[in-house]
Amino acid sequence: MKTCIIVVAAVSCACLASGQSEHSSQSGPPSELPPVAHFNPEIADKTLDPCADFYKYSCSKWSAANPLPADEVAWGTAGPVSKWNQVILGQTLDKLSANDSSRSPSEQKIGDFYHSCMDEKTIESHSQEWLQKELDVIDGIKSVSDLAVVVAHLHQTIPQAWAFGDNQTSSPLFGFAGSPDYDDASHNIAQFDQGGMSLPSRSYYLDQDDKSKEIRAIYLKHLAKMFALAGEQPEQARNDADMVLAIETSLAEVAMDAISRRDPKNLNNKMSLAQVKALAPSFDFERYLALVKAPSSPHYIVTSPKFFKGVEQMLHRYSIPQWKAYFRWQMINGSASALNHVMVEESFDFVGKTLFGAKEIQARWRRCVNSSDFMLGDALGQAYVARAFPPENKQRALALVQDLTNALGKDIDSLDWMSAETKKQAQEKKAATLDKIGYPDKWRDYSGVKIGRDNYLANRQQAIGFEFERWVAKIGQPVDRGEWTMTPPTFNAYEDPPTNTINFPAGMLQPPEFEMSQDDSVNYGAIGAVIGHEIIHGFDDQGRKFDAQGNLRDWWTASDAQAYDSRDKCIADQYTQEVPEAGPGVKQDGRMTLGEDTADNGGIYLALTALQESLARQGRDMDSKEADGLTPRQRFFLAYAFGWCTEYRPELIRLVVLSDPHSYPKYRVNNTVANMPEFAKAFGCHKGQPEVRVNACRVW
Ligand SMILES: [Zn+2]
């Protein structure tokens, strides 16, 4: 469980949609670094009224000048810096991909991994043979007990979300890993999670509106095409397609919905192995656990017992040949981005175009950079940090985080709705939070991963197997708070309740979020609000249920919890809204985005408080006009909005509204500032204007 700052779907799209085009250029990354977006006082469109639509006021000029590129599904002020990060990685990998004996062991691994990914000719000639061998394993199933063999093999062979995310649906049949015990976060125990679906969320299978039906019809065609490309006759391919959709829909029906999954109490179902087995007696859990070399666990967490009971029924309802079709698809789909160009193109056609709205596939070097980062992130991250994140930046970022943390301390003290008893516990939790800036103190050791120059599919299998084994081997071990689940070049940040950590990868501590040469009011408005966002996650509807040690423990008095819930409900109601950009009738459920929206609203307050303190130390006033014609308060809000300027493809907006806990950027800006009298003060907004909300919400 972790909560991050930006839409994960958009980030992972390049990875999901990765593939190669026949026409793609063989060339590597550019030799020059691309420009990044910088905040400047001229960004606002002064012909517009900031009190009517602050997002438009702050973003329309930039977005008009920076249209969505054909190979992107989202583009905003974060786009150029993500690309800048990617070019740095690409240049590094390009250099290390030469077969040079002076490379260190870890440089050899990332260099050869990238080389094998760029070697389209070899992939083209090996891909079908590799896939056939894998499909033969699945075709070897003879009994229901053998399904355990296939699930274990798939978990070791295709990439999945290793940490349990809120909407994780993608591991074949189910997810398995070592994760912190909810009741004793100092140790990891074995956890079984629901999974098995290939579309982005349950609702893609269950919703009955026209658009959902249309997407499922396209999915069926895509399934049949992929089966045919994998060597099936057309009739069998069509039958298998029907079966995959039927099985995945059955899984969606018994899976827990995203809103119920927001409450960790619903996930903390502690069982003995005998009880786990009793949920689905037909699935051979013993065999699965032996195959993935799972250490014995004092007990097991099953996040959704109903899901596993449903799997039991499905094991009776569907025949072995039908399960084979389902697992063949899991293998094909999970490997598609690394197979030959026809598979890659068909996969991009559905995942990239239909689900995400992409127009063009990304250049191969970009996809190979993403794959290297995803598979061997710590090895590549070291090179990135050396080039893009000097020690003085780390020091400055750390000071900012400390400023924001101090602001939280003041905020807690000042709350009129919280008792002294609960405040004391909240302060303890604040004091125990570990701030992690830029990159891990200890880099992961990849010495067990064998990477050669010629076989991308084999390299991938090595890296995936290593990572899966690493997660399973955590079972029974102490929790390592120093570990990261994002790589250093990632443009994102996250908070993790069980470890009580906030984590800011170096990839996000870059312009326009963080820039050493900018005024404090800009840095506090941009990265300051992001830091505040992550801090508040520890105190949102999920985070507040974990204590200073990361245990799921109720440290609130009953009346304080009640006061919190009624304030949070204000936010949930505010964000339950039509999102016309996502298509007619598409509505956001504010209960699903509650944690993110609470973090946005609380985070900006912490940043504003910290800025006030900082300016007071410098003898400056928040509301005096300065040389650029802006007051620090105005600059703060403009920098906040500027960080969020982003256009999505309509398909991605729909995907986000239906399956992602983050609000669409326009609402992250407009709904948040409309709750703040401090914003109205900055721009002279008055009652009755859209950016001055009558029923303003405030939790933190
Ligand atoms: Zn977040």
Side-chain angles (χ1 to χ4, degrees), residues 1-12 74 76 78 82 161 163-168 258-259 261-264 400-401 404-405 407-408 429-430 433-437 484-486 490-505 507-509 513-514 525-546 550 568 571-572 574-575 588-607 640-641 643-644 646 648 655-657 659-669 671-672 675 697 699-700:
M1 170 180 295
K2 67 175 180 207
T3 37
C4 53
I5 183 84
I6 55 171
V7 172
V8 175
V11 175
S12 61
S82 299
F164 295 124
D166 287 342
N167 290 312
Q168 195 228 2
I259 291 165
R261 279 170 72 82
R262 287 199 61 73
D263 187 344
L400 266 166
V401 173
L404 269 287
T405 305
L408 174 68
K429 177 161 182 175
K430 186 212 84 161
T433 304
L434 178 64
D435 312 328
K436 286 151 69 186
I437 313 289
W484 290 64
T485 52
M486 278 181 191
T490 306
F491 187 89
N492 207 339
Y494 70 98
E495 186 265 349
D496 182 53
T499 53
N500 191 11
T501 58
I502 45 175
N503 306 265
F504 304 96
M508 197 174 198
L509 297 166
E513 290 297 335
F514 175 69
I527 196 71
V530 170
I531 296 167
H533 174 105
E534 300 307 338
I535 291 174
I536 294 295
H537 268 318
F539 300 86
D540 70 15
D541 61 315
Q542 281 183 324
R544 77 172 190 85
K545 292 172 179 158
F546 294 83
D568 228 17
I571 290 187
Q574 181 189 7
Y575 285 81
Q588 173 174 352
D589 189 329
R591 293 171 304 167
M592 185 165 93
T593 57
L594 182 55
E596 296 302 331
D597 300 330
T598 304
D600 281 347
N601 278 274
I604 191 170
Y605 263 109
L606 299 189
Y640 172 75
W644 286 119
T646 316
Y648 288 5
L655 187 147
V656 167
V657 172
S659 56
D660 195 280
H662 300 88
S663 295
Y664 184 52
K666 178 178 127 183
Y667 302 105
R668 297 189 78 162
V669 173
N671 288 17
T672 304
N675 283 326
C697 307
V699 183
W700 298 105

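Remember, it's 1-based here, ligands and their atoms both numbered in the order they're listed. Throughout, residue positions are numbered sequentially from 1 according to the sequence presented.
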Quick one: report the N, O or S atom of [X] that is nearest to the Zn ion (ligand 1).
X      : result
Glu596 : OE1
His537 : NE2
His533 : NE2

Item to complete: Using 2.8 Å as a strict upper limit, say whether an N, O or S atom of Asp600 approaches the Zn ion (ligand 1) that closely.
Response: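 Asp600 does not place any N, O or S atom closer than 2.8 Å to the Zn ion (ligand 1).
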Discussion item. Testing the 3.5 Å rule here: is there a donor-acceptor pair between the side chains of His533 and Glu495?
Written reply: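 Checked: His533/Glu495 side chains show no N/O donor-acceptor pair below 3.5 Å.
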Fill in: Donor + acceptor pair across side chains of Tyr575, Asp600 (<3.5 Å)
no
Item to complete: Please name all residues satisfying side chain to side chain contact (heavy atoms under 4.5 Å, CB included) with Thr646, sequence neighbours left out, ordered by chain then number.
Response: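 Residues passing side chain to side chain contact (heavy atoms under 4.5 Å, CB included) with Thr646: Ala74, Tyr648, Pro665.
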Practice prompt. Quick one: list whatever passes side chain to side chain contact (heavy atoms under 4.5 Å, CB included) with Thr501, sequence neighbours left out.
Written response: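 Leu434, Lys436, Arg481, Asp496, Thr499, Asn503.
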